[in-house]
Protein chains: 2
Amino acid sequence: MDSIGFEPHDHSSCIHDCIAAVDAQCRTAGLQFTPVRRRVLEILLQEHRALGAYEILDRLREEGLGSQPPVAYRALDFLVKNGFAHKIERLNAFIACTHPGEHHAPVFLICRACDAVAESQREPTQGQLGQAAREAGFVIERAVIEAEGLCPKCQHVGAA
Amino acid sequence: MDSIGFEPHDHSSCIHDCIAAVDAQCRTAGLQFTPVRRRVLEILLQEHRALGAYEILDRLREEGLGSQPPVAYRALDFLVKNGFAHKIERLNAFIACTHPGEHHAPVFLICRACDAVAESQREPTQGQLGQAAREAGFVIERAVIEAEGLCPKCQHVGAA
DNA sequence: TGCGTGATGTTATAAGATTACATGGGGCGT
DNA sequence: ACGCCCCATGTAATCTTATAACATCACGCA
Ligand SMILES: [Zn+2]
Ligand SMILES: [Zn+2]
Ligand SMILES: [Zn+2]
Ligand SMILES: [Zn+2]
């Protein structure tokens, strides 16, 4: 569960740890970490890539956990609103957060070849976006920062 | 047609100049700046905000320039591909470019109150996104950088 | 027990985007 | 002039993504 998602890691513990962390946070914050919500987060955690809402819904349906779009969207809304997952605007898809709960401004690196997505974080009010905003007198409340390109693994595949 | 879109400016000349610039560029590059494509760009230029494809299509339909989605999407594809317009992923909407033709990496500031959108530009491989990418060994090919918040005008309206 | 709040279940529909196929005009070599 | 290719456009149908609206249920609490 490191900040960058392209390196190999112990994935089963990655899932388990993250669920446990979110579970604890929900308890503390008085949020209901219900079966559907938990399952959706697990589904997202199983991949380090973004899943569309309807892909998630398909899996829920197979498991008898709900079959209509609002079921998936509501669970995703909950996860996103509370910082346990993020929406990748560029893909209209969702991904589990790799630093759940911490107040953060995520930055995504999306591999166009293998679809892996890495999450990093940066302070958005600093850097070039912050500078552009200050010049314009604009107050940033939320920032979408998503880069598309090739992850380390896929660069080597195509290159000689 | 300055880089930041929140300041007042001579809008009619802004439209005219931009169309003329794109027209010249198309001629140079051997691209067909057809009536539909021109009209879509004009429609986009009339607002400094992002328009959905179907909003554009509605206007085209009123003018008898085409009534089916592909007409709008094809014109938008042309404009986006050639750098005359941009898609705002966060809004699923499109906006005219304020520096048409120049090879550039746009950064958008979106006012959530009045929907105005300002385009600025920064070199994406520098700054914090570039740093995150380098740390991960990721090669950026394209970056979506969109900030939501309040423009200068709308900050003063809400505040006392 | 009765009430309020928040989660779910379900139907229908809105909004955004693409596929596939038909049509039509301009340039070009013959 | 003719046939051909390329590209833009016209049109129908379909697909994907997302939300609105309303019914139901379970829990905590007065
Ligand atoms: Zn995160
Ligand atoms: Zn990859
Ligand atoms: Zn631009
Ligand atoms: Zn504003």
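Just so it is clear: chains get the letters A, B, ... in the order the sequence lines come, proteins before strands, and each one is counted from 1.
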| Side-chain heavy atoms of Phe94(A) within contact of Val40(A), under 4.5 Å | no
| remark: Closest non-hydrogen contact found for Glu55(A) with Ala50(A) is OE1-O, 4.4 Å
Which donor-acceptor pairs under 3.5 Å do side chains of residues 28-36 of chain A form with protein atoms, sequence neighbours excluded?
from     : atom 1 : to       : atom 2 : distance (Å)
Thr28(A) : OG1    : Ala24(A) : O      : 3.0

| said: Protein within reach of the bases, or only the backbone? For nucleotides 23-30 of chain D, mark each nucleotide 5' to 3' as B, S or -, using heavy atoms under 4.0 Å. | reply: --------
| request: Rounded to the nearest angstrom, tell me the gap between atom CG in Leu57(B) and atom C1' in dT9(D). | output: 14 Å
| Listed partners of His16(B) passing side-chain contact (heavy atoms from CB on, under 4.5 Å), at least two apart | none
| message | Quick one, Arg142(A) and Arg112(B) - any side-chain contact, counting heavy atoms below 4.5 Å? | response | no
| request: Answer yes or no: is there an ion pair linking Glu62(A) with Arg59(A), defined by an N-O contact shorter than 4.0 Å? | output: no
Below 3.5 Å between N/O atoms, which protein atoms pair up with nucleotides 4-7 of chain D? Just atom names and distances, please.
from   : atom 1 : to       : atom 2 : distance (Å)
dC7(D) : O3'    : Gln32(B) : NE2    : 3.4

| query | Atom CZ of Phe33(B) to atom C1' of dA8(D): distance rounded to whole Å? | reply | 15 Å
| Quick one: Leu60(B) CG to dT11(D) C1', roughly how many Å, whole number? | 15 Å
| field | side-chain hydrogen bond (donor to acceptor under 3.5 Å, both in side chains) partner of Glu42(B), the single match among Arg38(B), Arg39(B), Gln46(B) | value | Arg39(B)
| query | Taking Gln128(B) for the side chain and Arg122(A) for the main chain, is one N or O donor matched with an acceptor at less than 3.5 Å? | reply | no
List the atom pairs, donor and acceptor, that lie under 3.5 Å between side-chain atoms in residues 71-88 of chain B and the rest of the protein, sequence neighbours left out.
from     : atom 1 : to        : atom 2 : distance (Å)
Asn82(B) : ND2    : Phe78(B)  : O      : 2.8
His86(B) : NE2    : His104(B) : NE2    : 3.0
His86(B) : NE2    : Glu119(B) : OE2    : 3.1

| Contact pattern, 5' to 3', of nucleotides 9-22 of chain C - B, S or - by protein heavy atom under 4.0 Å | BBB----BBBB---
| task | Could you tell me whether a side-chain N or O of His11(B) sits under 3.5 Å from a main-chain N or O of Leu45(B), the two making a donor and an acceptor? | result | yes
| request: Please state how far atom CD1 in Ile56(A) lies from atom P in dT16(D), giving the value in whole angstrom units. | output: 16 Å
| request: Flag the pair Leu109(A) / Cys151(A) as yes when at least one side-chain heavy-atom distance between them is below 4.5 Å, and no otherwise. | output: no
| Rounded to the Å, how far apart are Arg61(B) CZ and dT9(D) P? | 17 Å
